[in-house]
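Quick note: residue numbers are just sequence positions, from 1.
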Amino acid sequence: MNDTIKNAVMERLSQIKGPDLEGNIISLGLVSDVFVSDGRVAFSITVPAERAQELEPLRQAAEKVVKEVPGVETAMVALTAERRPGGTRNTAPKAPPQAPRKAPEEQGAQKPGVPGIKHIIAVASGKGGVGKSTTTANLALAMAALGKKVGVLDADIYGPSVPRLFNVSGRPEALEGRMLKPLEGYGVKVMSMGFMVEEETPMIWRGPMVISALTQMLREVAWGDLDVLVVDMPPGTGDAQLTMAQQVPLAGSVIVSTPQDLALIDARKGLNMFKRVDVPVLGIVENMSYFLCPDCGSRHDIFGHGGARNEADRLGVPFLGEIPLTMTIRETSDAGTPVVVSDPEGAIAAIYKKIAASVLEGIEAAEAGQERAAPAIVFE
């Protein structure tokens, strides 16, 4: 079925003229590999970087003809920049002349929120492997246990973990228009690219495709009324983080790190990135802070100890707490029964709930100040 739809999509795209009306976008080799899964189609069109804005109608035309293909429910089409001589790639459209810089209070309108969602927070890390997704899941479930209506957006397009952590599978239901109905696990609404593709399918996408997918999962999902949407960010400080900072009024960010110096170096980069785009840092969590031996109960500081707390003190941001390295957290996460729901009265669940309460207090404190205008991000 997918092959049939893909062939039909390619045939329709061959009707779209290329830039300057020469040939068509298929014969010119401008279309990336077309991804098809259960009625969802995604691909990118390569164009000269300096003409990206000018050629937006070409993208819209391609999206329109693809949606007319029988069996296609949604289409996600992005423009991406061509590779230039010398192997460099410019993925940003040519910027228009900039007006004189205004004072912060005179900057543009507020970033549009997502209907029904009161607060959006980002859980981030400077590098992978620090337990960010596990922390996200348990933090969200802890907020739900505290009586909040919570959703989780898995923004890690390349390595989605939310489906397994919440033990949720299946495809989101298509609603009226372009909207999708999120799935639900343990009373928390969840959305992830992992629901769209098989677990072992690699996402070989360029930056513009990632941004387009992230925007759709945020704004074209019927989240309903939520107190908090927790966003599980991909590791690092790239397109996804900047997209969230530019397009969404984030109530704040939570940085996850392990105690050792190498992890803290990268965590510091993530923290400074959010500060530079005017997103409040709600605090730092030290994950895998210490190891509790399951046999003797003794404590071992495998990765050192206290590094994240010291870093928080040095940078003047809240330290939210220490989460131990235990077999219980690993086993429950792999099984899709996070410790906050599998052992809600246990000591580890209590740690997550305390962190969740601190994050909620931080959101309220940040909200008490004046609303922030969209940040002006300048590359020098």
Side-chain angles (χ1 to χ4, degrees), residues 120-143 150-166 185 188 190-194 203 210 214 217 228-245 250-274 279 281-290 303 307-309 311-312 317-326 328-330 332-334 336 338-340 348 351-352 355-356 358-359 362:
I120 303 174
I121 66 170
V123 179
S125 64
K127 63 181 296 181
V130 299
K132 170 185 53 60
S133 294
T134 299
T135 302
T136 298
N138 281 291
L139 178 62
L141 290 166
M143 289 181 177
V150 184
V152 173
L153 170 60
D154 189 351
D156 194 346
I157 302 297
Y158 296 116
S161 302
V162 164
R164 173 163 293 203
L165 282 164
F166 282 85
V188 173
V190 292
M191 177 56 66
S192 170
M193 183 56 69
M203 301 303 297
V210 173
L214 178 57
M217 288 197 298
V228 183
L229 177 66
V230 185
V231 182
D232 182 22
M233 303 295 285
T237 54
D239 291 337
Q241 289 85 347
L242 285 176
T243 296
M244 293 298 298
L250 290 174
S253 60
V254 174
I255 307 297
V256 181
S257 179
T258 49
Q260 74 266 40
D261 291 343
L262 287 176
L264 288 168
I265 290 172
D266 292 318
R268 193 177 304 131
K269 295 176 183 176
L271 187 148
N272 287 332
M273 185 208 72
F274 282 114
V279 172
V281 177
L282 300 173
I284 298 178
V285 174
E286 184 171 274
N287 197 34
M288 308 183 200
S289 181
Y290 51 90
F303 300 117
R309 182 188 293 274
E311 190 68 16
V317 299
F319 179 70
L320 296 174
E322 303 171 346
I323 301 172
L325 175 63
T326 70
T328 300
I329 295 177
R330 196 273 299 169
T332 56
S333 298
D334 286 348
V339 67
V340 169
I348 298 174
I351 295 174
Y352 282 116
I355 292 173
S358 297
V359 170

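- Residues P324 and I351 share a closest heavy-atom pair of CD-CD1, 3.8 Å.
- Contact between V190 and G185 at its shortest, heavy atoms only, is CG2-N, 4.5 Å.
- D232 pairs by the salt bridge (charged side-chain N to carboxylate O under 4.0 Å, His left out) definition with K132, not counting sequence neighbours.
- Listed for the N287 side chain is no donor-acceptor partner under 3.5 Å among the backbone atoms of V256.
- Heavy-atom minimum distance, L139 versus A356: CD1-CA, 3.5 Å.
- Taking the side-chain contact (heavy atoms from CB on, under 4.5 Å) definition, one finds that T332 meets it with T328, T337, V339, S342, sequence neighbours left out.
- To the nearest 0.5 angstrom, E322 atom CD is 12.5 Å from I284 atom CD1.
- In this view, T135 satisfies the side-chain hydrogen bond (donor to acceptor under 3.5 Å, both in side chains) rule with no residue, not counting sequence neighbours.
- Summarising the geometry, atom CG belonging to L229 is positioned 9.5 Å from atom CG belonging to L250; distances are rounded to the nearest 0.5 Å.
- With a 4.5 Å cut-off on side-chain heavy atoms, V359 and V228 do not count as touching.
- Here the closest heavy-atom approach between residue S192 and residue M217 is recorded as C-SD, 3.7 Å.
- Here the side chains of D154 and F166 are not in contact, with every heavy-atom distance at 4.5 Å or above.
- Closest of all the heavy-atom pairs between S253 and V279 is N-CG1, 4.1 Å.
- Within the model, atoms CD1 of I348 and CD1 of I323 stand 9.5 Å from one another, a figure rounded to the nearest 0.5 Å.
- When every heavy atom of L165 is checked against every heavy atom of S133, the shortest pair comes out as CD1-O, 3.4 Å.
- Atoms CG and OG1, on L141 and T136 in that order, are 10.5 Å from each other to the nearest 0.5 Å.
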